[in-house]
Each structure stands twice: as structure tokens, then as C-alpha cells.
Number of protein chains: 4
Amino acid sequence: MTESTGRRRGDDLERAIFEATLEELAEVGYANLRMEAVAARAKAGKASLYKRWADRAHLVRAAARYQATAVETAFEPSGDLRGDLFKVMTFIANYQGGPYGEAIRGWVGELGASPADEAVAEELRTRIELPRIRIFAKILEHGIAQGTVRPDALRPRIVNLAPTLLTHYFLTRGHAAPAQVIDEMLDQIVLPLVAAD
Amino acid sequence: MTESTGRRRGDDLERAIFEATLEELAEVGYANLRMEAVAARAKAGKASLYKRWADRAHLVRAAARYQATAVETAFEPSGDLRGDLFKVMTFIANYQGGPYGEAIRGWVGELGASPADEAVAEELRTRIELPRIRIFAKILEHGIAQGTVRPDALRPRIVNLAPTLLTHYFLTRGHAAPAQVIDEMLDQIVLPLVAAD
Amino acid sequence: MTESTGRRRGDDLERAIFEATLEELAEVGYANLRMEAVAARAKAGKASLYKRWADRAHLVRAAARYQATAVETAFEPSGDLRGDLFKVMTFIANYQGGPYGEAIRGWVGELGASPADEAVAEELRTRIELPRIRIFAKILEHGIAQGTVRPDALRPRIVNLAPTLLTHYFLTRGHAAPAQVIDEMLDQIVLPLVAAD
Amino acid sequence: MTESTGRRRGDDLERAIFEATLEELAEVGYANLRMEAVAARAKAGKASLYKRWADRAHLVRAAARYQATAVETAFEPSGDLRGDLFKVMTFIANYQGGPYGEAIRGWVGELGASPADEAVAEELRTRIELPRIRIFAKILEHGIAQGTVRPDALRPRIVNLAPTLLTHYFLTRGHAAPAQVIDEMLDQIVLPLVAAD
DNA sequence: ACTTAATCGAGACGGTACGTCACGTCTTTGC
DNA sequence: GCAAAGACGTGACGTACCGTCTCGATTAAGT
């Protein structure tokens, strides 16, 4: 094994810090996250954190990327349009209910603080939206092939609609959307919009 | 006279603090808002702030309510569905581009930090969503009466859809939605969903 | 009675404030004396305090004068030199053990804080030393007349020696001198110095 | 070298804080001493002060001990009793005229504030009195050997008499005793008391 | 295997802002 | 018209974290 004796270095250490960050996020939320608490939980020195990330915001974004990579999923449409959409939306909602959600909240909370945030927002978009767009696009393409989905449903703003609703719910409610809310989003908004007439 | 000599008290003082808060929000954003800076700008003591609001989050929420009250608008639908929706959405977007938007961002950023946040989220919902729902409902009702809007467009999740899109854009982009984006939201999502057959 | 109805004024009020000051001094000491606590205990407004005395130091000195006046005692030498000295020293020590002692401590503690302290020190001297000098001088004069005391014992520095020892003990020990210590002061220092050979 | 680059630690820092404390004491006195002013003058953070000493009183006492240690003097009696006493008393008076005197004043001013002051008074006694007692005892022993001093002059209360007079003068006058006053103390009190008949 | 340089855990440090407390001033209200 | 009550601007308090830096101890890489 790589972590045989005592002191961790390089990627081992980085992983341990990410895990500690995500645990802290889950326990106290982004607004109450303390660099010292992360360092202590990871049994690392503060300098080891600041050597890698400039501040709390950078650390949390990196931790979010880390977890996103760790859980990135392959998904294959089953052909049941509503079922597939519900399944993916539930997966995203569950995700938002954990530390990843708190990371996103912090990410969003810091936006607008400085002029250099354009790049940060850009990364939030490509890092968070793009993977989801691909999954939803795949589901919709499948539906289009079956004739159950309108062809123009592939425009980005529509493909990203379901995650937009979920994220907005999570951000403004303080917790992830429950199943019943996902049902309503599907039946009242997403399906009427994409279903072939 | 009410403000004869020097020192402000009660509502006068409260107003001055709110103005200072909103100016600071506009300049440095919620994440960099300092109670001492607000106090200094308002020429008030910190104790006068803490006597009224428990912490930064409470102050900012109160300031958001203050401004909301100050700018609350009457709006009368003109009969042009798309024009009315565009007009109101533009108004909201402009609003989000100012200090009020930063207040919302901070409000959202602090959610999930403590178990007592349910009440805060509840207020965010009733304080922010409800007034907007009324305006959009009025527009949609007008459209229903004209036959240009489907009757079931009055369900809350749909009525609140346009603000949801605007808020999500503002929160995740770091700036309010420009006119072109509002156009796309309308043409790709809102109008297809609410328009009669 | 003078305090029939409700609100006190002038001397009545002043007396009540002095009493409150002395009680606070006895309970918490000069270093922990708070103007607000005095006002609250006296059921007076803070403005009523500041109208009369510039600050804590002035109030406490005034309270010390008040109590000194209130307890100023006539003393007639009995002819027993040691007994008389012991009696008066014990009386002074008892006095120092109460709020008056704490007032003196505060008085002393503030000296040297500003250049204008010369007058304060001057008053401390005339207010505290002079009355005691008179008493001790009377005792010593009586002894001189009896031939038990050396004639040159009337020099101020000697007349004031016993109070000096008591005050120094109180200030540096934190409590008034007990009887045994007074005995030693008398037998080792004061009596050998003033007794006729 | 030990102090290669920039930041001070441990004893270096402690010394710098003591120096700053003594300078502040000399300039503004104990009653106007501010922890923030000391920290600023020492170019240290407030936390570095509070990590070492619980409050202003502890800091000042520690600074007094530091200076006492720094200036602790060896003294060898010359054989001229009055000259030796005058010399040492002048030295003490000079000392009281500086920051050390203000430290003592503060020390005294805080006594009686809490029940735990017994230990503080105890330390004041051993820290301040004992070293001086040793010097005066040495002078008196020398005089006893020469036959110019009475053997019973070595009792503690007598040995400490001269410092007691000096300290009392300093505390109640606001400034250290000038030479003329020391002369009177010697000629009227100390010498008559200890001189062999 | 044995330096040697890099990296780590630990935590002291200078600093900033926190939220609290008491100051001394001022306004309001009631007697 | 003065007193009580207490709100206010001010500023120091003592605390909590920040981000930087120093110190030994540990460890991987080069000899």
C-alpha cells in the first residue's frame, strides 16, 4: 500500500484534505467552514492547505471537482422518458443533499465578490452544467428517436432546465428537492415542454 | 421638526443603516461585507447595529426587505403577453444587478448553516417569491381572459418559473441576465409552456 | 420626612448616589466600579451623575469626602498614650476595611494619570491626612504635657507616621491591618520614636 | 544566528512587549494603559499578549518583574550609615519615578477587586519588599557591627520602614519623593529609630 | 545505505473583524 | 423645569480565524 507508515504526501495528502473538507461541509455548511477545522480533521498543517489553494473558496471548489470526478456516472436511457428523467433528477437531488451541495452553495455565495469571478462562474458552468447536459441530452435524443420528444428540445436552455429547477430549489430552500417536488417539476414543466404534441 | 438637532434615533437611524448596508453590498458584495464598514458609513456605532440585528445575515435580510418595500411596484398588464413578461423580467433582472441581488446572494449563501434555517428559507420564499408571483399571475390571468394563455398556467410552479430562471442565472453567473437571455427564456421555455395550444 | 412622594432632588439625590457608590465600592472594589451600576443602584439616571461629577474618579472622591464628613469623630485623649494610639489606629483600620478604603485605593490608583493630578494629590493630603494629624497631635500633645512624649514628636512627618503605616499596609496588602499588626507598629516603630527617653 | 529573518518568537517577543508596556506606562500611566496601544507599540498582535497574560493587570505585573530583574542591583555598604541609606532610598525613589512606579501603582490599584487577590498581594510583597529588605538589612547589619545601629533594628517591620515611607509618599503624592523629603524621613524617623543610643 | 533536499505536522505570529461592554452625551417622557 | 430612563457614537475589550512563517521530524531521491 501507499499509506504504509506515517506521513502522507502529494496526492495521498490531497485526497485526505478533500475528504476532510467534504465532511466539514456536510456538518457545518460552507458559511461555517474553517480552514483550521479542515486542517485539523485532515491531520494536516494549515500550510499544506495554503500551498495548494489560495483560500477557502478555491479549496471548496477543488473539493467539489474532486467529488464530482469520484462519482461521475455513466447512464444509459432505458426508453422510459419520464422514468429516466426522474431517475437522473433524483440522483442530482441526492447529490445536492450531501457535501457537494454545500460546496455548490459556497461557490455561488462567493460569486460577485470580485471582478475576477467571471472565470469562476465560467468554471461553475462548464464543471457543473456540462456533464449534466450530456446526460439529459442523451435521454432526450433517445426520446426524439422514439418520437416521444420534440426535436427542438435539444437547445441548451431546455436541456439544462431540469437541473436548473433542482439547483434553484436547493439554493433557495436550503435542502434538496424531495421526490414529490421532482414529480411536479416533471409533470408541470419539463414534460409538457419537451413532449411531442 | 423630527430631526431638529444632531443625533438620529429609531427609524431615522434604521433607514440610514439600511442605506449604508445596500451601498456596501453594491460595492463589495455580501462575502466582503463588514459590519464595521456599514457602521462607519452610516456614522453609527456597531452596538446600534447589534442591538437591532443579531448578525450580518439578519442585517442584510432586513435591508433587503427594506429596499423591497421601498421599490414595490404596481404593474398593470398591457395586454401584450410577451411584452408584459419581458418588461417584468427585465425589471427583476435590473433589480438583481444592484445591492438587492447581493443581499439575495448572501441570504442564499448562509442557508443550510444551521437547523433553524427553515424559517429563514421560508421567509426568503414568502418575501421574494410571493410578490413576484402576484405580478406574473396577474399577467397570466389577463392572458387567460384573452384566450392567449392556457388556464392551467396559474399553478404556482409555473407562475414562478420566469423568476426562477432569472434568479438561477443571477446566482450561478454572478451577474443579472441580459436582455438577450431573457428573450431566450421567454421564447424557448416560458411562452411555449403557457401559451394556449 | 423629606422623601415623602417620589422623585428626589438636590441633596437627597446626592446622598442616595453616595450611598450607592459606597455600597458598590464595598462589593466590587474601585477597579470594578461601574457608573451604570451606581446609577442603577441609586435608581438615578446617568445624567444625574455626570451633571455633578466629571467621571468615576471625581464621584468616588466625593463619596469619600461624604463618608469622611459623616463619620468624623471627636476624640478625647484618655491619658493612656499607647491605649489612645491603639484605639485611633484601630478605628482608622476599620474604616479602611470598608468602602472608604476602596475609595482611597481608587483615588491613589488614578494618581499620575494626568498632569492635573497635583491638585488631586493635594486634596487627598489635606482631606485625609489633616484630620488624622489633628487627632494624633492631640494625643501626642497630651503625652508631652504628661512628660511621656518627646517634645519634637509634633513634627508633621512623625505625627502622620502611624496613619502612614496603616495606609501603606492597606494599600499593599489588599486588606486593613489587623490588631496584631497594629500592636507591632506601635511597639516597634511609633512608641520607640515618640516616647520620652 | 538565532534572529535571522523577520518575525520574533518566544523570549524575543516577550521582551519587546515588556519594553512597550514600560514605555506606555511611563507615558500615560497605568489607568490609561491600553492593551491595543501596547500591542501596536510592540508591533505585535493582541492575541500574542493574551496568550501570555490574562489581562492588563497580569501583563503589568510581569513587566514590573521583568524590569526588576533587569535592574536588580548589588549594593555594598560603605560604612557611612546615613550616606548608604540615603543612597539606596534615592535609588528606590528614582525607580518609582519611572514606569516601574506606575506598574506598582496599578498593581496596588487592582488589589481588593477579587477574592483571589491574596496571592497577588503576596507576590507584591515578596517581589517588591524582599529584595529591598535584603539591601537595608545589609546596611543595618554593617552598622550593628560598627556599633552605630541598635541590634533590634533587624526586625522586618523596621528594616522595611524606609521603603514603606517612600512607597507611601509615591502612592499618595503622585510622584516619587524628592531628596529633601528623603532627608527628613531619615533624620526624623529612620535614624532616630535605628541609631544606637 | 547515506546524505540531502523537499515536504510535512504543528502551531506561533501579525493582523482584521468579530460581538460585547461601558463610557459620557443627548433626547424623550413623565412628574 | 428637572429627573428617570435609556438610545446613541465611541472605543477598548477579549476571542476567533485568517494567511504567513518558523521549527523539527520525516521521507523520497540522488549518490
Side-chain angles (χ1 to χ4, degrees), chain A residues 4-10 12-13 16 32-40 42-56, chain B residues 2-10 12-14 16 32-40 42-56, chain C residues 5-10 12-13 16 32-40 42-51 53-56, chain D residues 2-10 12-14 16 32-40 42-56:
Chain A
S4 55
T5 56
R7 191 166 288 182
R8 303 146 303 170
R9 301 174 63 145
D12 273 354
L13 177 57
N32 296 113
L33 186 73
R34 306 283 166 249
M35 296 298 269
E36 305 201 335
V38 172
K43 293 191 187 311
K46 282 196 291 178
S48 298
L49 272 65
Y50 284 105
K51 177 160 296 183
R52 292 171 168 76
W53 307 281
D55 56 22
R56 186 174 68 141
Chain B
T2 52
E3 198 164 346
S4 55
T5 58
R7 192 170 290 182
R8 301 149 304 170
R9 299 175 63 145
D12 274 353
L13 177 57
E14 206 146 313
N32 296 111
L33 186 73
R34 304 284 165 248
M35 296 297 267
E36 304 203 332
V38 172
K43 294 191 187 314
K46 281 197 292 177
S48 297
L49 273 65
Y50 285 105
K51 175 161 295 187
R52 293 172 166 74
W53 307 280
D55 54 24
R56 186 174 67 142
Chain C
T5 58
R7 191 164 290 179
R8 303 146 303 172
R9 300 171 65 148
D12 273 353
L13 177 55
N32 295 112
L33 186 74
R34 304 285 164 250
M35 296 298 268
E36 304 200 335
V38 173
K43 292 192 187 314
K46 282 198 290 178
S48 299
L49 272 66
Y50 286 105
K51 175 162 298 185
W53 307 282
D55 56 22
R56 186 175 66 142
Chain D
T2 52
E3 199 167 345
S4 55
T5 56
R7 191 169 292 180
R8 302 149 303 169
R9 299 174 62 143
D12 274 353
L13 176 57
E14 207 146 311
N32 295 113
L33 186 74
R34 304 283 166 250
M35 296 297 267
E36 303 203 333
V38 173
K43 293 191 188 311
K46 281 197 292 176
S48 297
L49 273 65
Y50 285 106
K51 177 160 296 186
R52 291 171 167 76
W53 307 282
D55 55 23
R56 186 174 66 140

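In what follows, chains carry the letters A, B, and so on, assigned in the order in which the sequence lines appear, proteins first and then strands, with residues in each chain numbered from 1. Predicted model only: the values in this text are computed from it and were never measured.
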Results of side-chain contact (heavy atoms from CB on, under 4.5 Å) for D:Ala40 - residues two or more places apart only:
none
Considering residues at least two apart in sequence or located in another chain, which fulfil the side-chain contact (heavy atoms from CB on, under 4.5 Å) criterion with C:Ala37?
C:Glu24, C:Arg34
Round to the nearest Å and state the distance from B:Leu49 atom CG to E:dT20 atom P.
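Computing the B:Leu49:CG to E:dT20:P distance gives 12 Å.
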Can you tell me how far C1' of E:dC23 sits from CH2 of C:Trp53, to the nearest Å?
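Atom CH2 in C:Trp53 sits about 17 Å away from atom C1' in E:dC23.
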Gap between atom NZ of C:Lys46 and atom CE of C:Met35 - 0.5 Å precision
9.0 Å
Pairs under 3.5 angstrom only: tabulate donor-acceptor contacts from the side chains of residues 49-56 of chain D to other protein residues two or more places apart or in another chain.
unit_1, atom_1, unit_2, atom_2, d
D:Arg52, NE, D:Glu14, OE1, 3.0
D:Arg52, NH1, D:Ser48, O, 3.0
D:Asp55, OD1, D:Ala57, N, 3.2
D:Asp55, OD1, D:His58, N, 3.0
D:Asp55, OD1, D:His58, ND1, 2.7
D:Arg56, NH1, D:Tyr30, O, 2.7

Looking only at heavy atoms, which two atoms of B:Ala16 and B:Ala42 are closest? And how far apart?
O-CB, 3.9 Å
Tightest non-hydrogen contact, residues B:Ala39 and B:Gly45, listed as CB-C, 4.2 Å
Strictly under 4.0 angstrom, non-hydrogen atoms only: write out the protein contact profile of nucleotides 7-14 of chain F, one letter per nucleotide from the 5' end, B, S or -.
BBSB-SBB
For the helix from E:dA1-F:dT31 to E:dC31-F:dG1, measure the angle between the helix axis at one end and the axis at the other, each built from five pairs, rounding to 10°.
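Here the local axes at opposite ends form an angle of 10°.
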